[in-house]
Amino acid sequence: MIKKGILESILARRGKDPSGLIEILRDVQAAFGVVSPEAAARIADRLGLSRVDVEGVSTFYHFFSSRPAGVYTVYLNTNIVAEMKGRAAVARAFEKAAGCRFGETTPDGRIGLRATSCIGMNDQEPSALINGVVFTRLTPARAKEIVAAMNAGRDMAALVKKTGDGANQSRLVRAMVDNNIRKKGPVIFSPFKTGAAVRKAVTWTPEDVIAEIKRSNLLGRGGAGFPTGLKWEFCGREACEPRYVVCNADEGEPGTFKDRVILTEMPHLLFEGMTIAGYAIGAKLGILYLRGEYAYLKARLEKVLADLRAQKLLGRSVAGKKGFTFDIIIKMGAGAYVCGEESALLESAEAKRGEPRPRPPFPVQNGYLGLPTTVNNVETLCAAARILERGAGWFKTLGTPKSAGTKLLSVSGDCRKPGVYEVEFGLTVRRLLEMVGGRDAQAVQVGGPSGNCIGRGQFERKIGFDDLPTGGSIIVIGPERNIFDVVHNFMEFFIEESCGWCVSCRAGNTLLKQKLEKITAGHGTLPDLGEIEAWGKTIKAMSRCGLGQTSPNPILTTLQNFREKYEALVDKSRDYITTFDLEAAVRDASAVTGQTLAETRHE
Ligand code: SF4
């Protein structure tokens, strides 16, 4: 039963605009631990939507639940680095203390245990989100204490005794998260005077701003590397108005956490980048799409925006420029990796299911609410602000001719110094491993699960668009690890995060994972390796968005770079395994039906 008074006060506070649906659902989930059919019907009525519209959205995102998820909901990170750092023991401790398994809620409805893909804390695993509060470096003993506190009805925020560094200590954040900035560079992590970039930009024409960004060779930092100046130019040329600037702050690639640190320490630089983009393309509104996992930063980001308005760096006549009106709002995600894909992000920003759109048309033509929109990554927008401040010529002195500037790397895994490194493009993987204390690595996952897993023979390769591109995730895999555990974890991630629209992505990745399991169980043959390659190519070719187009990479890149490990597991003497253990194959089914194989045969 929902308390009608609470629901009505949420609805009254949020208004009747259907574009506020995700915010309403977040509030309802937080208040009741569930989005019940009753609540969905009332929300639909209030917003003028159908119940199918509301439930279509509420069932899409990880952080909404149609079954009671507990007064306290523990979202424990499942990614491979969490596993490396002892997640399994922490999970067992939560289960033992709470008295329920992951995926379940205690019978009294107090505690729900849920697994989640990546909460952006790979540098301080194992980690969990509990009622929006981040817990890092968990241990089994700590898990037991947390459950005791939940059973005592305590506020989870009260368990944060020691806050992390920098702005994590701010009254509006108070998180135990550490920034772990290990190397500062000149573009992102150098001192920045608020207003410096915007004040300079508005003395130029929008065309000149775009020309400067084009001259700098700034390429999108999300991984795809599309030229930012060109994107702004295409968007600004569209005849339709209004136009929008959307910042993609939904880094969800396992192993990525550098945007978290920018949002914590350099929000002014980011908001100036958004404002400059708005000036360049002729937009009046910017939207920061903030991943649900980073909701703990929202209050402070709102405060920074309020400060910028007070300084006339947002609002009417920005920086004194008559006729230039621009403001920024924050829209929240609710846990869906696919929303990092720009068209899915736009759907989500419109409070719909985060399903990628077919392209073309591209967002610069048909973006937010069907209007011209530039979607840029957090780091890209920061770099744009710095380019306006210090000049394209200066920017191009950094990095390589094809990859100008610096790149933020989120480094985690088997290394002594996990954290964020701002390095110039062109750095070799070997040099990076020396920096981070991971010299003995057997492999490095560059660019997260959708990237490339490289072995020792390729450590002289260079980080950059011309060789090894990355959105920022670098996972160091030590000599003791079983590489197939990493691949399996990544395939499970893609299966979990697929939106399910394309058969190739929805079913193909499950088939690939099953093939991997067949091989690691010792039942594989040489033709299985060929089938993996063929199926992987089909999935890439037939999938609509970047998730499906890169999802076979964990298997394909390890098969390419560690083929000997696969070949060591398969039977090379024949094409097909001729022995088949039928008893073993039906053992689970026998247990369920209570019939042996022999009994089934005689039926
Ligand atoms: Fe959805 Fe996967 Fe298709 Fe992308 S590729 S639209 S995630 S099913």
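In each ligand, atom 1 is the first atom listed, and ligand 1 is the first ligand listed.
- Given atom 4 (Fe) of ligand 1, the protein heavy atom at minimum distance is Cys545 SG, 2.3 Å.
- No side-chain donor-acceptor contact under 3.5 Å links Glu341 to the backbone of Leu547.
- Each of the atoms 2 (Fe), 5 (S), 8 (S) of ligand 1 lies under 4.0 Å from some heavy atom of Cys505.
- Both tests pass for Arg87 against the ring of Phe102: distance under 6.0 Å to the centre and angle within 45° of the axis.
- Side chain of Arg26 to backbone of Ala334: no donor-acceptor contact under 3.5 angstrom is found.
- The protein heavy atom nearest to atom 7 (S) of ligand 1 is Cys499 N, 3.5 Å.
- Using a 4.0 Å cut-off to heavy atoms of Ser498, the atoms of ligand 1 that qualify are 2 (Fe), 8 (S).
- Applying the 4.0 Å criterion to heavy atoms of Gly548 picks out, from ligand 1, the atoms 5 (S).
- Using a 3.5 Å distance cut-off with no hydrogens or angles, the side chains of Glu497 and Ser117 do pair a donor with an acceptor.
- Shortest contact from atom 8 (S) of ligand 1 to any protein heavy atom: Cys502 N, 3.1 Å.
- Formation of a donor-acceptor pair under 3.5 Å by the Asp467 side chain with backbone atoms of Lys462 is found in this model.
- Near Val338, with a cut-off below 4.0 Å to any heavy atom, the atoms of ligand 1 are 7 (S).
- At a heavy-atom distance under 4.0 Å, only side-chain atoms of Pro356, from C-beta outward, approach ligand 1.
- Heavy-atom contacts from other residues, nucleotides or ligands closer than 6.0 Å to CZ of Arg67 number 12 or fewer.
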